[in-house]
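Each remark here refers to the structure printed beneath this line.
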Amino acid sequence: MKKAKGKKTLDVRYEMRNVPLSLIDTQTEIGDWDKKELKTRAAYFMLNGLPNLAVNEKENGRFGLLAAERDFYAAKLSGATH
C-alpha cells in the first residue's frame with residue numbers, strides 16, 4: 001500500500017485486558033449522576049454483563065477513562081471489580 005504525499009497515518013494499536021475498576025480515574029464524581037438511573041443500569045449489567053470501557057494507561061500505573069463515565073459508575077454499583 002502506497003502512502004500519499006503529505007498524509008500522516010494514525011497509530012490505532014490497542015490491547016484488550018481486564019483492569020480493576022479501582023485503578024480507573026474519571027473526570028466526574030458519582031454525585032454528578034442520577035442515582036436512580038445508575039441503579040437501573042447497574043441491575044442491567046448484573047443480568048447482561050459489563051460493557052468494555054475505553055481507558056488509556058497513565059505513567060503511574062493507573063488508567064484514565066476516555067468515555068462512558070455513567071457506565072463506569074453503574075458497573076461499580078453493580079459490585080463488579082474488573
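- Interatomic distance, T40 OG1 to L38 CG, rounded to the nearest 0.5 Å: 8.5 Å.
- Here the side chain of D32 pairs a donor or acceptor atom with the backbone of E29 at under 3.5 angstrom.
- With sequence neighbours left out, the salt bridge (Lys or Arg N to Asp or Glu O under 4.0 Å) criterion links K58 to D25.
- Rounded to the nearest 0.5 angstrom, W33 CH2 and R41 CZ are separated by 10.0 Å.
- Grouping the Ile, Leu, Val, Met, Phe, Trp and Tyr side chains by contacts below 4.5 angstrom, directly or via other members, places L77 with V19.
- Between the side chain of E69 and the main chain of T26, no donor-acceptor pair closer than 3.5 Å is present.
- F63 and L66 fall into different hydrophobic clusters, where Ile, Leu, Val, Met, Phe, Trp and Tyr residues are linked whenever their side-chain heavy atoms come under 4.5 Å apart, directly or through other members.
- Heavy atoms only, all atoms of each residue included: L21 and A80 are closest at CD1-O, 3.5 Å.
- Contact check on R62 versus E57 returns no salt bridge, with no Lys/Arg side-chain nitrogen under 4.0 Å from an Asp/Glu carboxylate oxygen.
- By the side-chain contact (heavy atoms from CB on, under 4.5 Å) test, K35 is found to be paired with I30, residues two or more places apart in sequence or in another chain being considered.
- Residue-environment remark: CG (N52) stays at or below the threshold of 12 foreign heavy atoms within 6.0 Å.
- Of all non-hydrogen atoms in A42 and A74, the two that sit nearest each other are CB-O, 3.3 Å.
- The distance from atom CZ of F72 to atom OG1 of T28, rounded to the nearest 0.5 Å, is 9.0 Å.
- From H82, atom NE2 reaches atom CG of L23 across 8.5 Å, with rounding to the nearest 0.5 Å.
- For the atom pair OH (Y73) and CG (D34), the distance works out to 14.5 Å, reported to the nearest 0.5 Å.
- Residues Y44 and L53 do not share a hydrophobic cluster, defined by chaining ILVMFWY side chains whose heavy atoms lie under 4.5 Å apart.
- Using a 4.5 Å heavy-atom cutoff, the side chains of D71 and P51 are in contact.
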